[in-house]
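Each remark here refers to the structure printed beneath this line.
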Amino acid sequence: QTHQPLLIKMNQNPRPATIHCKGVGEDVLLDVVPPAITLGPVLPYSNSDVPFQVINNSAFAVEFYATEFDRKRVVEEQILRNAEGYVNDVLLLQPRRPGESLPDELMEQYYQKLNALDLEYERASEADEPAASPEDAQRRLSVAPASA
């Protein structure tokens, strides 16, 4: 169990209100079988498979992934970096179920920014003015090109 006071500051009131919060969390119970894996030498460009199992003994669904190979996670992190609504470097979002994508509002906000950059580029191109290239626009939004 965790006990944590939550201070709420209100306009026109010099004293913050305090709400005492209490919560209970659950541990994730995963078993990896076998518990240790020994990888032998592998020649370059050869395949080597080592089977293992991850068994979820928790009362709730669990999602895990290899961050180096998950393209969706990389894109979602870039969208989150460009999201509006951060307060003190924190963006509050509802918890997601395993496999769910980011909230629709956040995705729409991101695509509106992309569309605005596209329009800016098109207008500058039509007026023969120097404009940011699509690559520069992607850098402004910290987005890797889709072909990467």
Side-chain angles (χ1 to χ4, degrees), residues 1-11 19 21-148:
Q1 270 192 348
T2 302
H3 299 273
Q4 184 72 35
L6 177 65
L7 295 176
I8 298 177
K9 295 181 183 178
M10 295 171 273
N11 288 338
I19 298 174
C21 302
K22 179 170 65 170
V24 177
E26 289 186 49
D27 285 333
V28 177
L29 304 172
L30 298 178
D31 288 329
V32 180
V33 179
I37 298 173
T38 303
L39 301 174
V42 178
L43 293 172
Y45 305 106
S46 67
N47 292 329
S48 179
D49 293 336
V50 178
F52 67 96
Q53 277 186 310
V54 178
I55 301 166
N56 180 11
N57 294 314
S58 306
F60 47 86
V62 175
E63 178 180 37
F64 64 98
Y65 48 87
T67 57
E68 299 85 12
F69 303 113
D70 190 348
R71 177 80 177 129
K72 181 181 175 187
R73 181 200 60 87
V74 171
V75 171
E76 285 182 349
E77 279 189 2
Q78 292 166 342
I79 291 169
L80 288 168
R81 264 188 234 117
N82 288 283
E84 296 172 4
Y86 280 90
V87 176
N88 296 327
D89 293 331
V90 175
L91 179 65
L92 297 177
L93 297 173
Q94 291 292 325
R96 295 188 282 171
R97 295 195 186 287
E100 282 185 344
S101 62
L102 292 172
D104 291 340
E105 303 83 36
L106 207 57
M107 299 299 290
E108 186 174 321
Q109 179 189 104
Y110 177 73
Y111 288 120
Q112 286 174 353
K113 285 183 179 184
L114 276 180
N115 289 336
L117 286 173
D118 284 344
L119 285 173
E120 178 184 324
Y121 179 72
E122 285 176 22
R123 287 183 187 139
S125 296
E126 290 170 1
D128 288 332
E129 296 174 2
S133 68
E135 292 79 18
D136 290 335
Q138 286 179 335
R139 275 193 288 279
R140 285 171 55 187
L141 285 178
S142 305
V143 176
S147 61

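In this chain, numbering begins with 1 at the start of the sequence shown. The structure presented is a predicted model; accordingly, all values stated were derived computationally and were not measured. Any value given below was found using the heavy atoms of this structure, including those in side chains, with hydrogens, waters and symmetry copies removed.
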Considering all heavy atoms, the nearest [X]-[Y] contact:
X: Ile79; Y: Leu106; value: CG2-O, 4.4 Å
X: Asp27; Y: Phe60; value: O-CZ, 3.9 Å
X: Pro34; Y: Pro51; value: CD-O, 4.2 Å
X: Ala59; Y: Glu26; value: CB-OE1, 3.9 Å

So, taking the atom named [atom1] in [X] and the one named [atom2] in [Y], what distance separates them when rounded to the nearest 0.5 Å?
X: Leu30; Y: Ile55; atom1: CG; atom2: CD1; value: 10.0 Å
X: Met107; Y: Gln112; atom1: CE; atom2: CD; value: 12.5 Å
X: Leu39; Y: Asp49; atom1: CG; atom2: CG; value: 11.0 Å
X: Asn115; Y: Tyr111; atom1: CG; atom2: OH; value: 10.0 Å

Below 4.5 Å, heavy atoms only, C-beta onward: do Glu84 and Lys113 meet side chain to side chain?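 They are in side-chain contact.
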
Decide yes or no for Leu93 and Leu80: does some side-chain heavy atom of the first lie under 4.5 Å from some side-chain heavy atom of the second?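 They are in side-chain contact.
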
Using a strict cut-off of less than 4.0 Å between a Lys/Arg side-chain nitrogen and an Asp/Glu carboxylate oxygen, indicate whether Arg96 and Glu76 qualify as a salt bridge.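 The answer is yes: the pair qualifies as a salt bridge.
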
Look only at the side chain of Asn56 and the backbone of Ser58, and say whether a donor-acceptor pair between them is shorter than 3.5 Å. yes

